[in-house]
Amino acid sequence: MGGYGDVQMIDENGLRVDGRGPGDLREITIQTGVVPVADGSCRMTWGTNEAIVAVYGPMECHPRKIQRQDRAVLDVAYNMAPFSTTDRMRPGFNRRSREVSKVTKDALESVVLLELYPRSKIRISIEIVTAEAGTRCVGLTAASVALADAGIPMTDMVVSVASGKINDIVVCDLNKEEDNYGEADLPMGILPNSGELVFLQMDGDLSQEEFNQAWQYNIDAAQSIHRLMVDSLKGGEN
Amino acid sequence: MGGYGDVQMIDENGLRVDGRGPGDLREITIQTGVVPVADGSCRMTWGTNEAIVAVYGPMECHPRKIQRQDRAVLDVAYNMAPFSTTDRMRPGFNRRSREVSKVTKDALESVVLLELYPRSKIRISIEIVTAEAGTRCVGLTAASVALADAGIPMTDMVVSVASGKINDIVVCDLNKEEDNYGEADLPMGILPNSGELVFLQMDGDLSQEEFNQAWQYNIDAAQSIHRLMVDSLKGGEN
Amino acid sequence: MGGYGDVQMIDENGLRVDGRGPGDLREITIQTGVVPVADGSCRMTWGTNEAIVAVYGPMECHPRKIQRQDRAVLDVAYNMAPFSTTDRMRPGFNRRSREVSKVTKDALESVVLLELYPRSKIRISIEIVTAEAGTRCVGLTAASVALADAGIPMTDMVVSVASGKINDIVVCDLNKEEDNYGEADLPMGILPNSGELVFLQMDGDLSQEEFNQAWQYNIDAAQSIHRLMVDSLKGGEN
Amino acid sequence: MALPLVPKLLRAHLAELAENDARIDGRQRWEGRNLEAEISVLPRAEGSARVRMGDTIVFAGVKFQIMKPYSDRPNQGGLMCSAEIRPVAGRHWESGPPSPESIELGRVVDRGIRESGCIDVDALCIIPGEKVWQVILDLFAISDDGNLFDAFALAGIAALRSAVVPAERFEVGEDYPLNLSKTPIMCSYHKVGTRFVYDACGREELGGDERIHITLGDDDHVHSLQKGLKGIFTTKEFTEIMGHAQERSKELRKIVDSL
Amino acid sequence: MALPLVPKLLRAHLAELAENDARIDGRQRWEGRNLEAEISVLPRAEGSARVRMGDTIVFAGVKFQIMKPYSDRPNQGGLMCSAEIRPVAGRHWESGPPSPESIELGRVVDRGIRESGCIDVDALCIIPGEKVWQVILDLFAISDDGNLFDAFALAGIAALRSAVVPAERFEVGEDYPLNLSKTPIMCSYHKVGTRFVYDACGREELGGDERIHITLGDDDHVHSLQKGLKGIFTTKEFTEIMGHAQERSKELRKIVDSL
Amino acid sequence: MALPLVPKLLRAHLAELAENDARIDGRQRWEGRNLEAEISVLPRAEGSARVRMGDTIVFAGVKFQIMKPYSDRPNQGGLMCSAEIRPVAGRHWESGPPSPESIELGRVVDRGIRESGCIDVDALCIIPGEKVWQVILDLFAISDDGNLFDAFALAGIAALRSAVVPAERFEVGEDYPLNLSKTPIMCSYHKVGTRFVYDACGREELGGDERIHITLGDDDHVHSLQKGLKGIFTTKEFTEIMGHAQERSKELRKIVDSL
């Protein structure tokens, strides 16, 4: 979190640089079936973020040492394409990508009915083609849609969204410019039907009160995103 | 391909810097049995190139995942020794070596009677001890001789040779100096008995007419090289 | 070996910079049971060296390819912690650590009754937490104690110690300052009961006579160190 | 690239189709799949393209970096071409270090572009001997239903043609377009059954043998060739392929030039 | 981290204990293990600490390097935090490249420290735009009986508080203490059976589900959160945990501040 | 180095031979194999040698690079010694990252040369504190029938003795020979059955136990020792070996000095 509090990012009317109010989301579109050779797939744009997710499986699980006798395992790889960022992202091992892959896997394994497919593997590839801010939320949300598109049974889809703080004001869904100067970032993974959580991270500085506000923004935003997800799976693009 | 057309590499009589005519090969020598612990081996010098090839097998195939139920696999490793080039070649992974290994393997698998040795592996190690120009051709040709020396049945030996272009003239078998200024390079892998091909690459710029000339030079050169290969296997050194 | 003979490291009375005589050891302490989750462990300080060794096993042997049908294998990893040296030691692959691990394994496999545990593995982790000079000797000696603490049967414990040369004088157990200017280093691994050897390295320059003196210092020092080892296993700390 | 157990049956089926001059997806021997191409699709890249050939979908993105020139070419910029086939693109692609297949893909596309001389490397000089531009072409597969070679080559050349050198962002002058002097085009042929076909789909690759890649320039000049995989071919077969490549490359060049 | 066959039985046992509001080692739900902490234990480090929580033992060591500052922050030094869990620490830890678990450990501890702003990065500048200090915090596990997160975070902040910038050795001035303005504290909770407990031991980790890590600053400000592993939790559960973390972090901060 | 199943029988056979004071290839206990050595065999190296001992064949090549000297030794060049045992040399050698065996080989040969002080590192200074020569000695095995240690050490010292510093090519003056002041020689002994033998062949290595490597200088000074592999030996055995090494090293030094 940059935290340069002297750059004015919110005007006297409480509007943000891109005209949104504190609790408003960036524009989101969702398409399924975008990777024809995959069992399920999703393309999601969110602001200028673009993520493409492919799901393969359930399939044979190798390497064998990750196989589980009583359930399927998810093999989740989150990756940023070399041309997704202003400075080219070098391909190859990357601690951040490893960590995002892990938290995404942990979130999705909480909802997929893994017990239905013992000894098998479901592969989920999340490619960030263009990155703005909040790519891990975009990737996790798009992965939920791709799993549904592949017909993999889940207790619920995961909706992921982040709120943050800028100029000491709590706002929902930071864009890239806000993220550069932001003072905190609270991404969450929410089950829209129960309100329960499967993913949670946070960086920065939030008082207990600010924290509660950011939490509430996320809970509310999850409901609107969930409607778009359901619509996309019904066949329409939003 | 460098392509500095203003350096004069061919004189008024059509002779090249080392005195060869356009279709002439550099000097070639071939010896077998040079790696006493191997099942077959070959040392080939070609100009100042020196390659040493050892063949081991057929042997048990591991790692298992490359094993094939119905045939043998070739495990080909082409490598340039650290002291083979003017600037020291650092040991370790190298995209060029990987690619040369792969095209060499593809060429040799086209002639070795792999079906005779199901589930086994034949290991072919090509070491370029001194590099001039055309090392991939030297390595592939020497590997054929080493396979024959190891008694591995083949439908034919592969003869590999490259023609190219310099000062807008098509010539056979570029040496190092010519290669630095050359405008094209067409290496081929030829079966001398049938005239068929198992290996083909090309870089540079050749008109359709030039291309046909270079192709023909290679076909012709393959016959002379083949004679040296056969002689070396009969026990003589050339 | 540095070998800057003009720095005076031994005074007119034959005493060394830290007040020791030529054959004297630095101070040594030994504790067992310092890694509560391990099957056996040892913390050894030797001068300002500090090593912590944990032993796990005998346990299932994987990867399988290192398994032996007729005996156990030792899996020895010697490592220097990043904060063990003045300049931070970067984690990861390191030729020196690999070599020390190998010679330590070779020494210990000479005394552990491996035949008692066919197909199994005994894992020995040697961590140098603070390094002065002679870490390989500290690690090997501490590993012997940790193996004994784990109840692994051995024909004898290995005592390791090094003598060297400084200002053309042979001395026992170089400290860091001496090591910087030392002209030779002779580490040995000695079985205190039989006087036999299982480990030997040497670097530098020693005449045959000097060599014999250094050898004898090590043989003698091994006896005193052995007493400390035995005491530590009886429950006391020294 | 793990090989499934089905290929034997698939091979037999493909061989039978070949005997009847038919292909598994109903195309004719020399017929390419439906082609879509668009440029400027990646907002963070300085040049980009997306190509779809049947169910094969790829991106190409161009980025620039400033580097020190090689000491023997102090006035010349460089080109680096990298193909990454990540698991998203198909169930047989796995993560990990670059596979031999992806290395070959990158190198073959790279050579076709480089050897055609379409990039004016002298125009990439900023300060002779000190700073030159390195053009980085990243080829990225989204969906692999065969013939990634041609899709990558087409997307690559289209992305380069659309690229703008980001001199302003690097504070070394004004932005200017990376003008390409030529449009090299790759055409790829796979041996399926007893004959070569153009633009193989995924099943044809799986049940086929060797492949031949030809990159031709504006004037039918040959800039790059590559034969891949195990297999034998004759001069006559090659001549036939070369003939088709001369025709087809002209059609594709028109499409690229019109983007 | 290879998983043994016992966890199923262990899980059942832990679930039963949880129903009776009991823990496997006799502690109460919110009770931490016996804690020992000492600083300046590593003579080659510029700052260090050793922390023992039950049978979990860790070291933290601080080293300094001089580096060129990032071009967008020419006056600021940097922090690098690296966790290495070598095989010494437990039979389930293996050598090789860093595991996802150890990467997560390093990153979560790093964020708690970094985001609290406790390090004055401007005070790490030597020559603006040219030389700044990089603080390297190495976390090293000796014995893993669960909750390495809290042990690392505690050892890390204690080591940093004790650190002295070695300006003399690097010949850039006089040594001076690395003053920290705050003392961020991490508290970790594991779901064992149907409820979250504080400071899980190794067996609770093995037979438990998700975990939640909270880093709080001096004024109960939240600096870092992380949920790890598969599992679902409710806002109510989180609120209860946050309440305990506010209390416990104050106790731990007192201990660290007194070292 | 995968171990075949035969060693047990081989070991028994070798032990029986040892009892009768015989060796598997008919040699006597202290007898070396037929030796061939030639220098200047590699045209791209600045110094080179080829050594054959029985069916063991190796190359050594010397290359030079310019590097910045270490800050504590601003006037001294450096030596780097690297042994690479590629699959060409024997069926038990596999490709991949350097094996522990090849690392040990490189380091033991390196130490013998380095510690003898035979290279005048001060003569490798070009500009104090800025540019010095790094001598790179690459050891490369063609055929491994045992005792690569001695073959590498012999080829290495012969290659270094023949080396010429390529100052002209690097444009820092005139070429000059890399004069060596000493000729360190390694002699290696393997325990086969109940006794140590000199210059073990491949089968003796396979069915033998520990090995001891001794590097002696011109005046019988000891420069390097290494005991390899599992095994126990006595002071008496070592004294016997050292006695032979003193004799044999003189013979070998004569051969090297005469090349």
Side-chain angles (χ1 to χ4, degrees), chain B residues 1-4 65-66 68-71 73-74 93-103 105-112 114 155-156 158 165 180 183-191 194-212 214-216 218-219, chain D residues 2-3 5 8 71-73 76 80-83 97-108 110-112 114-118 182 184 191 209-217 219-239 241-243 245-246:
Chain B
M1 295 290 97
Y4 290 74
K65 64 176 177 178
I66 66 164
R68 298 294 299 269
Q69 289 308 307
D70 54 348
R71 62 172 181 92
V73 293
L74 300 190
F93 177 85
N94 174 312
R95 285 181 179 241
R96 180 182 168 278
S97 290
R98 281 277 182 99
E99 194 203 348
V100 175
S101 297
K102 189 172 189 317
V103 295
K105 169 189 151 93
D106 291 340
L108 293 171
E109 288 205 336
S110 307
V111 294
V112 171
L114 301 167
T155 55
D156 203 347
V158 181
K165 185 168 79 167
N180 286 343
E183 295 136 24
D185 184 40
L186 174 66
M188 288 163 45
I190 297 160
L191 307 189
S194 66
E196 292 170 317
L197 286 90
V198 291
F199 164 58
L200 175 69
Q201 290 190 312
M202 186 259 168
D203 276 354
D205 184 286
L206 289 176
S207 72
Q208 291 287 329
E209 195 182 341
E210 291 166 340
F211 178 76
N212 292 336
W215 188 281
Q216 193 56 48
N218 285 343
I219 297 284
Chain D
L3 288 168
L5 292 168
K8 274 208 174 157
S71 57
D72 56 339
R73 297 175 183 190
Q76 297 191 354
M80 185 175 109
C81 180
S82 167
S99 63
E101 285 84 2
S102 68
I103 292 175
E104 191 190 8
L105 269 160
R107 288 179 63 93
V108 172
D110 181 297
R111 279 204 293 255
R114 183 186 304 275
E115 298 297 338
S116 76
C118 64
K182 290 177 191 168
K191 185 95 141 233
D209 290 303
E210 77 252 50
R211 44 187 166 69
I212 292 177
H213 312 284
I214 300 177
T215 303
L216 296 180
D219 39 16
D220 282 348
H221 274 217
V222 193
H223 293 306
S224 163
L225 293 176
Q226 177 89 349
K227 179 252 182 182
L229 300 184
K230 171 185 163 184
I232 298 177
F233 64 96
T234 64
T235 298
K236 182 157 167 271
E237 286 174 311
F238 183 80
T239 306
I241 288 169
M242 177 65 94
Q246 292 180 24

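Numbers restart at 1 for each chain; the letters A, B, ... are given by sequence-line order, proteins then strands.
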Any side-chain heavy atom of [X] sitting closer than 4.5 Å to one from [Y]?
| X | Y | value |
| --- | --- | --- |
| B:Leu114 | D:Lys230 | yes |
| B:Arg95 | D:Pro98 | yes |
| B:Leu197 | D:Lys227 | no |
| D:Arg107 | B:Arg96 | yes |
| B:Trp215 | D:Thr239 | no |

Revision key, fill the gap. Of B:Asp70, B:Asp106, B:Thr155, the largest count of non-hydrogen pairs under 4.5 angstrom with chain D goes to B:Asp106

Nearest 0.5 angstrom please: [X] [atom1] to [Y] [atom2], how far?
| X | Y | atom1 | atom2 | value |
| --- | --- | --- | --- | --- |
| B:Leu200 | D:Phe238 | CG | CZ | 5.5 Å |
| B:Gln201 | D:His213 | CD | NE2 | 10.5 Å |
| B:Asp205 | D:His221 | CG | NE2 | 5.5 Å |
| B:Asn212 | D:Met242 | CG | CE | 7.5 Å |
| D:Leu229 | B:Lys105 | CG | NZ | 10.0 Å |

Check your understanding: Checking D:Ile214 against chain B: side chain, backbone, both or neither under 4.5 Å from a heavy atom?
Key ->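 D:Ile214 has no heavy atom closer than 4.5 Å to chain B.
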
Check your understanding: Is it the backbone or the side chain of D:Gln246 that comes under 4.5 Å from a heavy atom of chain B, or both, or neither?
Key ->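 Answer is side chain: those atoms of D:Gln246 sit under 4.5 Å from chain B.
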
Counting only heavy atoms closer than 4.5 Å, note whether [X] contacts chain D via side chain, backbone, both or neither.
| X | value |
| --- | --- |
| B:Leu191 | side chain |
| B:Val198 | both |
| B:Leu186 | side chain |
| B:Glu99 | side chain |
| B:Phe199 | backbone |

Review point. Backbone N or O of D:Asp220 within a donor-acceptor pair of the B:Gln208 side chain at under 3.5 Å?
Key: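 Checking the backbone N and O of D:Asp220 against the side chain of B:Gln208, a donor-acceptor pair under 3.5 Å is found.
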
Looking at [X] and [Y], what are the two nearest heavy atoms and their distance?
| X | Y | result |
| --- | --- | --- |
| D:Pro100 | B:Lys102 | CB-CD, 3.8 Å |
| B:Ser110 | D:Gly231 | OG-N, 2.7 Å |
| B:Met202 | D:Val222 | CE-O, 3.2 Å |

Exercise for review: Could you list the residues that satisfy salt bridge (Lys or Arg N to Asp or Glu O under 4.0 Å) with D:Glu237, not counting sequence neighbours?
Suggested key: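 If we apply the salt bridge (Lys or Arg N to Asp or Glu O under 4.0 Å) test to D:Glu237, skipping adjacent residues, the hits are D:Lys191.
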
Check your understanding: Only one of D:Arg114, D:Gln226, D:His223, D:Arg111 forms a side-chain hydrogen bond (donor to acceptor under 3.5 Å, both in side chains) with B:Asp203, so which one is it?
Key ->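 Considering D:Arg114, D:Gln226, D:His223, D:Arg111, a side-chain hydrogen bond (donor to acceptor under 3.5 Å, both in side chains) with B:Asp203 is found only for D:Arg111.
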
